[in-house]
Amino acid sequence: MVDQTAAIDLLLKRNSMKLVQAPGPSDEELATILQAAMTAPDHGALRPWRFKVIRGEEAVQQFAELSFKHRQASAMPFTEEKLASSKAWLADVPLIIAVAAQINHQVIEKIDETEQLLATGAAMTQILNACHFLGYGAFWSTGIATYIEDFQTAIGFDPLDYRFMGFIAIGTPKMAIPQKERPNYQDFTTMWTGSGN
Ligand SMILES: Cc1cc2nc3c(=O)[nH]c(=O)nc-3n(C[C@H](O)[C@H](O)[C@H](O)COP(=O)(O)O)c2cc1C
């Protein structure tokens, strides 16, 4: 029996956590996290999301080095300070899931690119939620080289076919995750009661 109050309480407490370390999710937990992404809303059941799992020290470091190489060769290289802090961050991350939307051009008149991006973003949110539910820290980043086309191609997301949406760094939180003060939904919400209002 699902404890609905506990489930909602947990959902309301979701926070991103950037500072993570090993251990990352087990094989079984990783499967659960990725399966959670399959529950994302998805117009036309296109399943536009594509995931690349980058797991373990060697793979994560190769991904990091490739990102930094492209960033430093770009028109907007990091400062030495920013480079050092970004390297220090990724040095401890045990798992990265890089995500792209594979755009289906056949259906684009009915289900446009924005909708396909939204479905992929929703899948990424489900990954964040699943990590949180399992007690892992997770952080969605579009930093470093995410928007550099040569980097996108290098990791297998050729921009002709894919829209790279960034990566999620996942692991054991390095410290208790601080609970953020969230805005009140009422500040973002009005009632619409008909055209007379
Ligand atoms: C599409 C997207 C890209 C993001 N990219 C970055 C990023 O590159 N750097 C960063 O500091 N935060 C980035 N964030 C924000 C963090 O993932 C996180 O949401 C933020 O720190 C607020 O924490 P919260 O999720 O607990 O509210 C991004 C969020 C989204 C949705």
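Here the structure is a predicted model, which is why all the values come from computation and not from measurement. We count ligands from 1, going down the list as the structure has it; atoms in each ligand are counted the same way.
- At the shortest separation from atom 23 (O) of ligand 1 among protein heavy atoms lies Lys180 NZ, 3.3 Å.
- Of the protein's heavy atoms, Trp140 O, 3.3 Å lies nearest to atom 28 (C) of ligand 1.
- Of the protein's non-hydrogen atoms, Phe139 CZ, 3.5 Å is the one closest to atom 10 (C) of ligand 1.
- When non-hydrogen atoms are compared, ligand 1 lies under 4.0 Å from neither the backbone nor the side chain of Met17.
- Heavy-atom contacts from other residues, nucleotides or ligands closer than 6.0 Å to CD of Gln179 number more than 12.
- Atom 3 (C) of ligand 1 has Thr142 OG1, 3.3 Å as its closest protein atom, hydrogens excluded (heavy atom only).
- Using a 4.0 Å cut-off between heavy atoms, Arg14 contacts ligand 1 through its side chain alone, with no backbone atom that close.
- Atom 19 (O) of ligand 1 has as its closest protein heavy atom Ser16 OG, 3.5 Å.
- Within 6.0 Å of the CG atom in Leu160, the count of heavy atoms belonging to other residues, nucleotides or ligands exceeds 12.
- When non-hydrogen atoms are compared, ligand 1 lies under 4.0 Å from neither the backbone nor the side chain of Lys18.
- Listed by chain and residue number, nothing satisfies the ring-ring contact (aromatic ring centres under 6.0 Å, His included) test with Phe68 (two or more places apart in sequence, or in another chain).
- With salt bridges taken as basic N to acidic carboxylate O contacts below 4.0 Å, none links Asp150 and Lys69.
- By the 30° and 60° cut-offs, the orientation of the rings of Phe164 relative to Phe151 is tilted.
- In the vicinity of Gly143, heavy-atom distances shorter than 4.0 Å reach the ligand 1 atoms 8 (O).
- Counting protein heavy atoms only, atom 27 (O) of ligand 1 is closest to Arg182 NH1, 2.7 Å.
- The residue from Arg163, Arg50, Gln116 that alone fulfils the side chain to side chain donor-acceptor pair (under 3.5 Å) condition with Gln102 is Arg50.
- Arg182 and Asn15 share a donor-acceptor pair across their side chains, judged by distance under 3.5 Å alone.
- A heavy-atom separation below 4.0 Å is found between Ser141 and ligand 1.
- Aromatic ring orientation, Phe167 versus Phe63: perpendicular (interplanar angle above 60°, classes split at 30° and 60°).
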